[in-house]
4 protein chains.
Amino acid sequence: MFRRAILDAAEAVFAERGFHAARIQDVAERAQIAVGTVYNHFAQKEDVLLALFTERMRDMHAELVAEPSPPEAFADRLLHWLTRMLRFVDRHRSFFAVASEHGLTAPRPPSATEAIFGDARPFERIDADFRSLVRDGVAEGAIAGDARLLTRFLVGTIHAIVFGAVADGRARIEDEAPRIAALFLRGALARPGEPPPAKRSPRPKRAAR
Amino acid sequence: MFRRAILDAAEAVFAERGFHAARIQDVAERAQIAVGTVYNHFAQKEDVLLALFTERMRDMHAELVAEPSPPEAFADRLLHWLTRMLRFVDRHRSFFAVASEHGLTAPRPPSATEAIFGDARPFERIDADFRSLVRDGVAEGAIAGDARLLTRFLVGTIHAIVFGAVADGRARIEDEAPRIAALFLRGALARPGEPPPAKRSPRPKRAAR
Amino acid sequence: MFRRAILDAAEAVFAERGFHAARIQDVAERAQIAVGTVYNHFAQKEDVLLALFTERMRDMHAELVAEPSPPEAFADRLLHWLTRMLRFVDRHRSFFAVASEHGLTAPRPPSATEAIFGDARPFERIDADFRSLVRDGVAEGAIAGDARLLTRFLVGTIHAIVFGAVADGRARIEDEAPRIAALFLRGALARPGEPPPAKRSPRPKRAAR
Amino acid sequence: MFRRAILDAAEAVFAERGFHAARIQDVAERAQIAVGTVYNHFAQKEDVLLALFTERMRDMHAELVAEPSPPEAFADRLLHWLTRMLRFVDRHRSFFAVASEHGLTAPRPPSATEAIFGDARPFERIDADFRSLVRDGVAEGAIAGDARLLTRFLVGTIHAIVFGAVADGRARIEDEAPRIAALFLRGALARPGEPPPAKRSPRPKRAAR
DNA sequence: CATGAATGAGATTTCATTCAT
DNA sequence: GATGAATGAAATCTCATTCAT
């Protein structure tokens, strides 16, 4: 089935060039098929992007709910959840580069979104997953504050650390999960008496600062 | 001088439609000038975006360094700094919508950036400002961890809260400064004994959730 | 294949309007195809001109070498050669109008040529053919002088007579071959004792002047 | 008066880039004036070219008739005439590069000419001068043939030798006059018993061939 | 008259989309 | 379905020309 090949190719090409600058021709070439074939599967360019988002988000959701977090303490569940999520991100780095441009991690102006997605909301379910995780934490008193706000905070933290790690060329993004969890939960404040917080896992080439 | 008008128009149009989808024609119309006039000031479309980034970032930097933070405790300085920054953001909301798409708040793949900016790095200075703030906090022991990581965390937090506020249509973004500072410093963890953290400042129209 | 049709159309349009004044649109219309189709075959307008020159010159060269001149006296070989050449010119009158503007019959300033051809030299081979003919004549003592100069003189003579004939609307350009040969070999000088030189072959419509 | 400066600048720029590729801006810059000033003197770009042709041709004509050829033998008069002409060409090399593109030495398709000149015929008078010279030669029996044809032959010969000399970078074009006269009068034929024809004046750098 | 920024028609070129094979 | 050349609307960019200063 070429549908799969097209979406994989689109993921790579859109990530490299950006959706608008990418040409259907490029996608077809990367998928080693003819342009016409792309149009046998998708009515228009926008639909490729939408399908890409929908499928990847469906997969990610499926993976996250497949093994529901055991009823441990929230901090453990969060870490577990983040690890599984980042493992998925790792396998689809290009995808997240594309998705972050199109509103995965921050709301985009409606006009920009409508032009591409119409009224589809491909990120809605995954967003609900995040919010649900956070809401549970609030409900059981582990974290405190407005769930909506905290969800954004969590997503923002993930966004910043993940893209930072990608830019640094780190190999295993899931290793960032503890750092993300720690920052999300306890912030940056130095806590005397506590063991010194992660100064970033040392990398061979450069000494930790 | 139309240069200013062009950049203002571009800011609005790019924010609405995204850089790639925006046509020079749109920018010209919004600026109430002819297409050719845009090209009297900028050789290519990309240069408009680059100039926009460069100028706004210059202004922002100027505003941040104009009144250096007094030597208070780090938390106070952070709050002060954030407030001034958000005041600027407030006056240039559209700009930040554009800029966040092009790498202001998280690194973008080099291929995507090069295509537009060549080797210009319009966000370098403001990034240094952020890092310098964070580094000071680390140096005086107020916050702990890798400065680079913490800077990303801070920027990510700002990003999340600011765009959330914009999406919610909040009027004064600078009012978010305390929330950002609190999340950045102490994270989301519920701290028994502390007064319950802001459950989001109530807005007249809609009850806080 | 439209490549052929495009080149034929370009030949006509460039001849009529000149290369610079001609629009790709005109070429496409004349070829009865869409503008985009031209760009499926040639990356830029200049490439159409270059391809036109390259192909026609290749054909002309092929035709000239196909039937090598028999080892007669030089004057006979020259006449034979000119006749075949003019026969080709006749079938591609428009082409020669274009080509003479771009350096076929006299060197153009390098700046003008580079802008269009880069470092391609489409006339090089045909020029070599001319020079080789002349050189042979010099070698066997039939004509005397610097081969390079004489080649230019020959080409100049052809140019003058051919375009004169075209402007006069003469039907068969190959009929000019004897006149060209005579002028090239013996010049304009009146030679007492010789039969009076052709006062121009009379045309039905207008009396020779 | 700027009119003169504009025409001089136009001569240079048109020669370098060709008329169509040259921008009025370039002409203005070369003349060290503003674009608007060009339009204070000429209604449109085409008029600059036309004026350039008209004035230079007027000057050339004036120079040729200023000192009428003495009643010597035709060959001497021809040489004298050519020398004066080439001296003028030498002072306006760029001009002749432009003029040859626009029909000075070969008829151009009417549509191409009309687009630029309307119904002006800037080369008419100089053409008449040439024809008159040739006609006299025919009248007194020095040369034989159709005057119109011989005129074209003469012009073609000049064209070929002059542009060849320019391309070779020769310093004094008027030195070519004897060569042109010889070729025009006697052609290329080797004439046993005659002194060997010019094998091209030797140049320091390269040995004569 | 000189100036040069503004204008906008128009040319080149790109690329999503179609469709005959 | 797959193919890929053809299509032509649309975008970028150029530049002759205008006109307020």
Side-chain angles (χ1 to χ4, degrees), chain A residues 1-3 5-6 17 19-29 31-49, chain B residues 1-3 5-6 17 20-29 31-48, chain C residues 1-3 5-6 17 20-29 31-48, chain D residues 1-3 5-6 17 19-29 31-49:
Chain A
M1 187 62 119
F2 285 149
R3 184 187 167 86
I6 294 169
R17 300 245 228 282
F19 173 72
H20 274 102
R23 303 170 312 145
I24 286 290
Q25 174 86 242
D26 299 329
V27 174
E29 259 161 34
Q32 310 207 50
I33 56 174
V35 262
T37 307
V38 176
Y39 282 88
N40 286 335
H41 292 273
F42 302 95
Q44 33 170 2
K45 196 187 171 193
E46 282 74 18
D47 292 349
V48 179
L49 188 67
Chain B
M1 188 64 121
F2 285 148
R3 185 187 167 87
I6 294 169
R17 299 247 226 281
H20 276 106
R23 300 169 311 138
I24 286 291
Q25 172 98 235
D26 300 329
V27 173
E29 261 160 32
Q32 311 208 52
I33 56 175
V35 213
T37 306
V38 176
Y39 283 92
N40 285 341
H41 293 272
F42 303 95
Q44 354 168 33
K45 198 186 168 194
E46 282 74 18
D47 291 349
V48 179
Chain C
M1 188 64 122
F2 285 148
R3 184 187 167 86
I6 293 169
R17 300 246 227 281
H20 278 106
R23 300 168 311 137
I24 287 291
Q25 172 98 234
D26 300 328
V27 174
E29 261 160 32
Q32 311 208 52
I33 57 175
V35 216
T37 307
V38 177
Y39 283 91
N40 286 341
H41 293 272
F42 303 95
Q44 356 168 29
K45 198 187 169 193
E46 281 76 16
D47 291 349
V48 179
Chain D
M1 186 64 120
F2 284 148
R3 184 186 167 88
I6 293 169
R17 301 245 227 282
F19 174 72
H20 274 102
R23 303 170 313 146
I24 287 290
Q25 175 86 242
D26 299 328
V27 173
E29 260 161 33
Q32 312 207 51
I33 56 173
V35 260
T37 307
V38 176
Y39 283 87
N40 288 334
H41 291 273
F42 302 95
Q44 33 171 1
K45 196 186 172 193
E46 282 75 17
D47 291 349
V48 179
L49 188 68

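Naming convention: chains lettered A, B, ... in sequence-line order (proteins, then strands); numbering from 1 in each chain.
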Exercise for review: Find the distance between CD (E46(B)) and CD (Q44(B)) and round it off to the nearest 0.5 Å.
Suggested key: 5.0 Å
Check your understanding: Checking K45(A) side chain against A22(A) main chain: does a donor-acceptor pair fall under 3.5 Å?
Key -> yes
Check your understanding: Can you find a heavy atom in the side chain of H20(C) that is under 4.5 Å from one in the side chain of F19(D)?
Key -> no
Exercise for review: Specify the residue among N40(D) and N40(B) whose closest nucleotide of DNA chain E lies further upstream toward the 5′ end.
Suggested key: N40(D)
Exercise for review: Under 4.0 Å from any heavy atom of chain C: name the first and the last nucleotide of DNA chain E that qualifies, 5' to 3'.
Suggested key: dA11(E) to dT14(E)
Check your understanding: At under 4.0 Å, does any side-chain N or O of H41(A) touch on OP1 or OP2 of dA2(F)?
Key -> yes
Practice item. Go along nucleotides 9-14 of chain F 5' to 3' and tag each nucleotide: B for a protein heavy atom under 4.0 Å from its base, S when only backbone or sugar atoms are that close, - otherwise. Key: --SSBB
Revision key, fill the gap. Sorted by chain and residue number, the side chain to side chain donor-acceptor pair (under 3.5 Å) partners of D47(D) (sequence neighbours excluded) come out as none
Exercise for review: Could you tell me which residues satisfy side-chain contact (heavy atoms from CB on, under 4.5 Å) with Y39(A), sequence neighbours excluded, listed by chain and number?
Suggested key: I24(A)
Exercise for review: Determine the minimum heavy-atom distance between A5(C) and A31(C), stating which atoms define it.
Suggested key: O-CB, 3.9 Å
Practice item. Could you tell me which residues satisfy side-chain contact (heavy atoms from CB on, under 4.5 Å) with A34(B), sequence neighbours excluded, listed by chain and number? Key: T37(B)
Revision key, fill the gap. In short, A28(A) meets V38(A) closest at the heavy-atom pair CB-CG2, 4.1 Å
Practice item. Whenever both distances are under 3.5 Å in a Watson-Crick or G-U wobble pair, mark it; put DNA chain E into dot-bracket that way, with [ ] for crossing pairs and | when the partner is on another strand. Key: .||||||||||||||||||||
Practice item. With DNA chain E as reference, determine whether F2(D) or A34(B) sits nearer its 5' end, using the nearest nucleotide of each. Key: F2(D)
